[in-house]
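Have a look at the structure below, then the notes.
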Amino acid sequence: MKKTINIAVSGLNAIDSPGPGISVIRGLRDATSFDVRIIGLSYESLEPGIYMHDVVDKTYQVPYPTAGTEALMARLEYIHEKEHLDVIIPNFDAELYSFMKLEGELKKMGIHMFLPTMQQFEERHKVNLPEFGKKYDILVPDSKNIFGTNELYTLTNEFTYPMVIKGKYYDAGIAYNVEQAKSYFNKLSAKWGLPIVVQQFVHGTEYNVTGLGDGNGNTIAAVPMRKQYITDKGKAWGGISIDDKKMLEITHNFVSKTKWRGGFELELMKGQDNHYYLMEINPRMPAWIYLAVGVGQNIPEALVNLALGEKVEPFKDYIKGKMFVRYAWDMIVDIEEFQAISTIGEL
Amino acid sequence: MRINKNIAISDMGFVFNPVNGESYSVNPIGVEIINLLKEDKSYEEIKATILNNYSTDETTFEKDYFDFTNLLLHLNLTETEDEKNN
C-alpha cells in the first residue's frame with residue numbers, strides 16, 4: 001500500500017489567467033509513488049478550485065502576502081494542527097517570498113517545501129534580468145528599470161519602439177510610441193508598484209520550457225512547449241510539446257549554472273536572428289504543468305519526492321507532439337459552500 | 001534533398017515539425033512526393049513515378065516540383081548537410 005501524503009497547494013484560481021494549482025494537483029493525483037490528500041490554500045472566495053471537491057479535499061483561506069509572514073505562519077499552524085501537512089507547494093510568485101522566509105520554521109514543524117533559494121529568487125527577478133543574463137552567460141533582451149514617466153522620453157537613446165512595458169510582478173503591454181508607453185506605465189505602476197521594466201521588444205515566436213532543478217545543478221525534468229493558442233492576456237490556451245535541442249541546452253545551462261532548486265518556467269523568444277532570448281524566469285511550475293505530466297515527466301510528483309528528501313532520477317525523455325487544450329467549465333455551486341468559505345474561511 | 005527524419009506525416013496529409021511545433025496540410029500528391037523523398041528517391045526517380053501515374057508533362061512537373069521542394073526547404077522540413085552527416 002502506498003503512503004498517503006498531505007499536500008497543501010495554492011493557486012486554485014483556474015480562471016482565464018490561471019494559477020498552476022489545479023494542474024499541479026492533477027499531477028499529484030497521477031503520482032505512482034504516493035497517494036495524496038490535497039489541502040487547498042485560497043486567497044479569494046471564488047477561486048474555482050475551492051469548489052472542485054474531486055480535485056481538492058479541503059480548502060482553507062490564507063492571508064494575503066501583504067498581511068506579513070506572522071499572519072501567514074499563524075494560519076499555517078492552525079491548518080497544520082488540523083491536517084498534519086507533509087508538504088506545501090506555493091504556486092504564486094507574490095507569495096513565494098513569505099514561504100521562503102518561513103521554510104526553516106515550517107521544516108521544524110515537519111512541513112517540507114522545495115523552493116528556490118532567496119538569492120535565486122531575487123537575481124532572476126525581471127528587474128534584475130540584464131545582470132542575470134551577464135552573470136550566467138544567457139542571452140536576454142536589453143531592459144531598464146524606470147521610476148517615472150519622464151524617463152520614457154529619453155529611452156529612445158537606448159531602445160527603439162516597439163518596447164515592452166512590464167509590471168514589477170505581472171502584466172505587460174507593447175508600446176509603439178511614448179503615449180502608449182506612458183499609459184502602460186501609469187496603469188502597471190498603480191497596480192504593481194515601481195519600478196516599471198522597459199524591455200526591447202523582440203520579434204519572433206514564443207516558446208516556454210518547464211523544468212525542475214535539484215538544487216545541485218542537475219536538471220531532473222525539462223519539457224519545451226510552443227504556445228498554439230494565446231489568450232488576450234498572453235496565456236497559453238493550447239500548446240504542444242516540441243523537440244528543440246537548443247531549448248533543452250539553454251535549460252540545462254540555466255539549471256547547472258544557477259543550481260536552481262525547485263520548479264520553474266523559462267519564457268523564451270526565438271528572434272528573427274534565430275537566437276533564443278530569455279524573456280522571463282518564473283520561479284514555480286506554470287499553469288500548463290499538466291502537459292509535462294501528460295508527456296511522461298510528472299514534475300509535481302518529482303518535486304514532492306525531492307522535498308521529502310527522496311532520491312529522484314532525472315527524466316530521460318518525453319513524448320513530442322502532444323498537445324494540451326484548456327477549457328472553461330461552469331460548476332453549479334450551493335450558496336452554503338460560498339458562505340462557508342467566505343465566513344469561516346474553510347470548506 | 002532529404003526530408004528531416006523527425007517530420008511526421010499522416011496519410012491525410014498532415015505534416016508536423018516536432019522541432020518548432022509547426023504543422024501544415026499538403027494535398028495527396030504532396031504526401032506522395034514527401035514519402036518518396038523520405039525513401040531517398042532521386043529527382044529522376046520521383047519524376048518518373050509522377051509522370052507515370054498522372055497526366056502531366058515534364059515541364060509542368062519540373063516547375064511544380066521545385067516550387068514545392070523550395071517551400072519544404074523554406075519551412076525547415078528538410079535536413080541540412082550537418083544533420084545528414086549525423
- line: Of all heavy-atom pairs linking A:Ile242 and B:Asn20, the shortest is CG2-C, 3.9 Å
- line: Nearest heavy-atom contact between A:Lys320 and B:Pro18 is CB-CB, 4.4 Å
Count the heavy atoms of every other residue, nucleotide or ligand shown that sit under 6.0 Å from [atom1] of [X], and state whether that count exceeds 12.
| X | atom1 | value |
| --- | --- | --- |
| A:Arg26 | CZ | no |
| A:Asp273 | CG | yes |
| B:Lys47 | NZ | yes |
| B:Phe66 | CZ | yes |

Atom group of B:Asn6 that falls short of 4.5 Å from chain A, counting heavy atoms: side chain
